[in-house]
Amino acid sequence: MLPTVLTLPFVAAGLVALFGHRAGSKLASVALAVPLAIFAWLVAQVGALPPGGLVWSHGWIEELGLALSFRLDGWSLLFALLIAGIGTLVLWYSRFYLGPDEDHSKFVLYLLLFMGSMLGVVFAENLLVLYMFWELTSISSFLLIGYWHEREASREGALKALVITVIGGFAMLVGLLLLSLSAGTLSVRELALKASEIQAHPFYPWIVGLILAGAFTKSAQVPFHIWLPSAMEAPTPVSAYLHSATMVKAGLYLVGRLSLVLGGTAAWTYPVVVVGLLTMLVGSYTALRQRDLKALLAYSTVSQLGFIMAALGLGTPGALGAAAFHLFNHATFKGALFLVVGIVDHETGTRDLAKLGGLRRAMPWSAAFMTLSALSLAGVPLLSGFISKELIFTSLVEAGSLMGGLAWLLPGVATVASLLTALYSFVLFHEVFDGQARGTTPRPAREASPALLLSPGLLTAVAVLVGLGPHLVTGSLIDPAASALAGQPVEIHAALWHGVNAPFLMSATALVGALAFYPARHRLRALLERLTTRWTAERAYQAFLNGLMGLAQRVTDRHMTGRLADYLLYILIAFVVLVGGTVLANGGFALRPLDLASPTVVELVLLAAMVAGTLFVVRTRSGLAAIITLGVVGYSVVLLWVHWQAPDLALTQLVVESVSVVLLLLAFVHFPKLERKPVAAGRRRLNLAVAVLSGAMVSWLSIRANGTQLFEPISQYFIENSLPLGGGRNIVNVILVDFRGLDTLGEITVLSIAALGVYMLVGSRIRRTRREAAERQEGEGL
Amino acid sequence: MDAFIPRMIARLATPLILALALYLFLRGHHEPGGGFIAGLVAASALVLQAVVGGRSAGAKYIPVPGWVLIGLGLFCAAGTGLIGLVLGQPFLTHYFGTVLLGGVEVELTTAQLFDLGVFLVVVGTTQSVILNISGDR
Amino acid sequence: MMIVAEVMILLGALVLLISSYGTFKFQDVYNRLHAASISTSGGALLLGGGLSILGSLVHGKLFLKPLLIILIIFLTSPVSSHVVAQAAYRTGVPLVAHTVQDDLALAFLEW
Amino acid sequence: MSVLLDVALAVLGLSLALAFARVVLGPTAADRAMGLELAGVNLLAIMGTWSLRSGHTEFMDAALVLAAISFVGTVAIANYLGKGRPVDDDRG
C-alpha cells in the first residue's frame with residue numbers, strides 16, 4: 001500500500017499536467033481528492049502501525065546497496081499527516097485565493113509534485129532515496145516560489161532558496177555517502193543498530209558536519225535563514241504549506257531520524273542546540289522589526305524551527321516527545337496564521353502593518369482565528385502552544401542542570417526569545433485588527449468568503465482542541481513518533497496544568513514581560529533596527545554571489561579571446577603538460593631499445609613529400625593554396641596506406657581527404673577573408689615551441705605504445721572469429737559494427753551533435769548576415 | 001554560361017557516384033567498404049550537387065533536411081541494438097543468416113542495418129553542414 | 001600476351017610522366033591544362049587498357065574494372081579542365097605574353 | 001613479369017612527385033587545382049598498378065572511388081575560385 005500512496009500524487013500531477021488546463025479553477029477542488037485520500041489512509045494507520053513500522057522494499061541496484069525501500073513509523077506518520085492534512089486544506093484554500101485568470105493547473109501541478117516528493121522524504125528508508133526526494137522538494141519549492149515568474153522579486157527569491165538549499169543538500173549528500181561508507185549500509189534501520197561503530201569512525205565529525213549543513217540550510221537555521229523571508233514572494237498558500245508546515249521541517253525530520261544513529265555525543269548535541277537557540281533568538285527579534293505581515297511570520301517560523309531543532313538536539317526521550325508535539329502544534333497554528341494573513345492580503349490588498357488596523361469589525365472571523373492562533377504561538381495557557389512550549393522548557397531546564405555553571409544559559413535564552421515571540425504575536429492581532437485604522441488600504445476591508453475561511457478555521461480549531469485536551473493527540477500520535485526516534489517507548493505526560501515549576505515560571509516571565517514591553521514596542525523596534533543592520537547574512541550571501549560571478553567573468557574574458565589559435569594553444573599546452581607530466585613521472589622517457597622496422601625508400605620519399613607539403617601549408621599566405629596543399633599531403637598518406645597493404649584505410653583516408661577539402665572550401669568562401677593578423681614574435685616562438693613539443697610527444701607515445709606489450713594483443717581474437725561470430729570477412733568493418741558496436745553508436749551520436757552544433761553556430765550567423773544585407777538593401781531602396 | 005557545363009555533367013555523375021556508394025555499402029561486410037565510407041562517398045555526390053547547382057539543387061536532390069536523416073540513422077543504429085535486447089541478449093548483439101532472395105542466396109545481417117544507421121548519419125551530417133554553410137535551410 | 005600488357009602499362013606511365021613534366025614547360029595555366037589533359041586521355045587509355053588485359057590474364061576471367069575507371073575519367077576530366085580554365089579566366093589570370101588572339105574576351109563581355 | 005611493373009611504378013612515382021611540385025609551386029590557385037587533379041590521376045594510376053602488382057584487387061575499388069571524388073574536389077575548387085568572396089590569392 002505504501003508505494004501506491006507515494007506514487008498517487010505523482011500520477012495525479014501527471015494527469016493535471018495533461019488535462020489540467022481544461023478544468024480551470026475547479027481543478028483545485030478536483031485534485032483535492034488525492035491528499036484527502038492519503039490523509040484518510042494515514043489516519044487509519046494511526047495506532048495500527050506494526051512495531052517496526054510498515055516496510056516495503058524493492059531491489060534497485062543491489063551492487064550499490066541501493067534499494068527502493070520505504071518505511072512508515074511513528075515519526076514519518078506524524079509528518080505524513082501534516083503533509084497530507086495541511087495539503088488538503090491549502091489546495092482547497094488556493095482554489096479561492098488564486099484569481100480566475102491565474103494558471104491554476106500549473107499551481108496544482110507543482111503543489112502535487114511537492115506533496116509527492118515530501119512524502120517521499122518522510123517515507124524513505126534508503127539514504128539515497130531520501131536524498132533524491134529531498135532535492136525534488138527543493139526543485140518544487142523553486143517552481144512554487146517563482147510561480148509569479150513575471151515578478152523580479154519572485155525569481156530572485158526562488159533562485160536564492162534554490163542556491164542555498166541545493167548547496168546544503170549537496171553537502172548532505174557527501175555526508176550521507178560517508179555515513180553509508182562508515183557503516184556499510186544505506187538503510188536507516190541498519191544504521192541505527194551500528195550507531196556506536198559509526199560514532200567511533202574517523203569520518204564521524206565530517207558526517208555530522210555535512211549532514212547538519214544540509215538540515216540547517218533546509219530548515220533555515222542561522223546563518224542560512226535568509227532564503228525563507230525572500231521565499232515569501234510565493235503565493236500565500238505556498239508560504240503556509242511549504243515554508244511553515246512541511247518543507248522547512250524536512251531538516252528537523254532528518255535530525256530527528258538520525259539522532260538515534262549520530263546523536264548522544266557532544267559533537268552532535270552542542271552544535272544543534274546552540275544553532276537552534278541562536279536561530280530562535282535571531283528569528284524572534286528580527287520578526288519584531290518587520291513591517292510586512294508575511295515577513296514577520298517568516299522570521300517567526302525561523303525562530304520556532306530553531307526552538308524545535310534545539311529540543312531535537314537534546315536527544316533525551318522527553319525532549320524528543322516535546323519537539324514532536326511542538327512541531328505538530330506549530331504546523332497547525334502557524335499554518336492558520338499564514339492563511340489569515342493571506343485573507344487580509346486578499347481582501348485589503350496590503351500586508352503592511354502601517355496601513356492596517358481596526359479590521360476587527362469588518363473581518364470578525366479572520367480576527368478571531370488570528371487572535372487564537374497568535375496566542376497559541378505566544379504560549380498563552382489553555383492553548384496548544386503553551387503545553388508543548390512548557391514541555392520543551394522542562395527538557396531545557398533538565399539539560400541546563402547537567403551543564404553545571406551555565407545551567408541558566410539554555411532556559412535563559414529560551415525565555416528571552418519566548419518573550420519576543422509573545423511580543424510579535426500580540427503585534428500580529430492587535431495592530432492588524434484592533435485600534436483604529438491608520439492608513440487607507442487599497443481595497444475596503446470586508447470579510448472573506450466562508451470557503452476561504454474554512455481552512456484557517458479548521459487549523460485554529462485543531463490548535464484550540466489540542467490545547468484543551470492534549471491527550472487527544474499525544475497518546476496516539478506524538479508518543480509513537482517520539483518512541484520511533486528514541487528507539488524506546490516514550491510516554492509524555494502532557495496536561496493542562498503542570499503545576500508551578502521552573503518551566504511555568506519561564507512562560508509566566510515571558511508573557512508578563514511581553515505585556516510590559518508592548519506599549520514600548522516602537523522604541524524597541526528602533527533600537528533593534530540600529531543594532532542589527534550592520535552585518536547580516538543577507539549581505540554575506542550577496543557578496544558571495546557577486547564575488548563568484550566576478551571571478552567567472554574575469555576568467556572567461558581572459559581566455560575566450562575569440563581566436564581559434566588561442567584555443568588550440570590552450571588545448572595543446574594542457575595536453576603536453578598533463579600527458580608529458582604523467583609519462584615523465586612514470587619514467588616513460590627511459591630510452592629502451594626501439595624495435596622499429598627500418599624505413600624503406602618509398603616511405604622516406606613519402607615522408608619528404610609530407611614534410612614539404614606541411615611546410616608549405618604553414619608558410620603560405622593564401623588560404624586556398626593551404627587547403628589544396630593539405631589535400632596533397634593527404635594523398636601522400638593514402639600512398640602510405642597503399643604501400644602498407646591497407647585498402648580499407650586507403651579508401652577511407654582518400655574519401656575523408658576530398659570531402660574535407662571541399663567542406664573547408666565551403667566554409668572558407670562564406671567567412672571573412674582570412675586576414676593574417678601580425679603575430680607578435682614572442683607569441684610566434686611560443687607557438688613553435690608548443691607545436692614541436694606536442695608533435696614530439698605524440699610520436700614518442702606512438703613509438704612507445706607499440707613497443708610495450710602490457711596485454712597480449714586482441715587482434716588474434718578478432719582475426720579468428722570475425723567470420724564465425726560476426727559473419728563477415730572484412731574484419732575492420734565487423735569490429736566497427738559488431739564487436740565494438742557500442743563505440744560506433746557513441747561516435748555517430750557525437751557526429752550528430754557536431755552537425756547540430758554547426759547548424760546552430762554557422763546557420764544563425766549566416767542568416768543574421770543575410771538579414772543585415774536585406775535590411776541594407778531596403779535602406780538603399782528607400 | 002556560368003556553371004552550365006559542370007551542372008550538366010554533375011547531373012550525370014551524381015547517380016554514378018551514388019551507385020558507387022551503394023556498391024561500397026552493400027559489400028561492406030566482406031570487402032573494404034562499409035557505412036562510413038559509403039556515407040562519405042554519397043556525401044561527396046551531394047556536395048557536387050550543392051557546389052555545381054548552387055543551394056537549391058543540393059537540397060532538391062535529397063528533399064529531406066539533414067537532421068531528419070541524422071535522426072533516422074541514429075534510430076536505425078539504436079533500433080538494431082534493441083532487437084538484441086528484446087531477445088534477451090545483451091544490447092547490440094547481431095544476428096546473421098542466409099536468406100533465399102529470388103533464388104539468389106543472399107546473406108543478410110542486422111549489422112547491415114546498423115551500418116545503414118551509420119550511413120544515414122554521415123550523409124545527414126554532411127547534408128546539414130553543407131546546406132547550412134551554403135546558406136540554405 | 002603478358003608482355004604486351006606490361007609494355008602498354010609502361011607506355012601509359014611514361015605518358016603520365018611527360019604530361020606532368022609538360023606542366024612545367026608551359027608558362028600560363030591554359031597551356032598547362034593542355035599538358036595535363038594528355039594524361040587523362042592518352043595516358044589513362046593506355047594504362048587502363050594494359051591493366052585490364054593484365055588483370056584478366058592474371059585472374060583468368062575478364063577483368064573490366066580498369067575500363068570502368070577509364071570511363072569515369074573520360075567523363076569527368078574534360079569538364080574539370082574546362083571549369084579550371086574558366087575559373088582562371090574569370091579571376092583574371094593573365095595569358096602568356098606572346099598570345100596572338102583571345103577569342104574568349106569577346107564572349108566574356110556579354111555575360 | 002614484375003620487372004616492367006616496377007619500372008612503371010617508379011615512373012608513376014616520379015610523375016606524382018612532379019604533380020606535387022606543381023601544386024606546391026603553382027603560382028595561381030588554378031594551377032594548384034589542376035595540380036591536385038593531376039596528382040589524383042597519378043595516384044589513381046599507382047593504385048591501379050600496385051593492386052595488380054601485389055595481388056590485392058581491393059585497391060582497384062579505391063582507385064574507382066578516387067576518380068569520382070577528385071572530380072568533385074576539382075569542380076568545387078574551381079567553382080569557388082570564381083564566385084564567392086575574393087579568396088586571397090598570392091597571384092604570381
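Chain identifiers are assigned alphabetically (A, B, ...) following the order of the sequence lines, protein sequences preceding nucleic acid strands; residue numbering begins at 1 within each chain. We use all heavy atoms of the structure for the numbers below, so side chains are in, but hydrogens, waters and symmetry mates are not.
Residue V47(B) touches chain A through its side chain alone, counting heavy-atom pairs closer than 4.5 Å. Using a 4.5 Å cut-off between heavy atoms, L756(A) contacts chain B through its side chain alone, with no backbone atom that close. Neither the backbone nor the side chain of S658(A) comes within less than 4.5 Å of any heavy atom of chain B. Both the backbone and the side chain of L40(B) come within contact range of chain A, each with at least one heavy atom under 4.5 Å from a heavy atom of that chain.
Rounding to the nearest 0.5 Å gives a distance of 9.5 Å between CG of L654(A) and CD1 of I37(B). Rounded to the nearest 0.5 angstrom, L751(A) CG and T126(B) OG1 are separated by 7.5 Å.
Residues S128(B) and V758(A) have side chains not in contact (no heavy-atom distance under 4.5 Å, counting atoms from C-beta outward). Counting heavy atoms from C-beta on, the side chains of I748(A) and L120(B) never come closer than 4.5 Å. F36(B) places a side-chain heavy atom less than 4.5 Å from the side chain of V656(A).
Scanning both residues, T744(A) and F114(B), for their nearest heavy atoms gives CB-CE2, 3.7 Å. Closest approach of I70(B) to S752(A), counting heavy atoms only: CG2-CB, 3.0 Å. The heavy-atom pair separating A755(A) from T125(B) by the smallest distance is CB-CG2, 3.4 Å.
The number of heavy-atom neighbours closer than 6.0 Å to CZ of F75(B), taken from other residues, nucleotides and ligands shown, is 12 or below. Other residues, nucleotides and ligands place more than 12 heavy atoms under 6.0 Å from the NE2 atom of H559(A).
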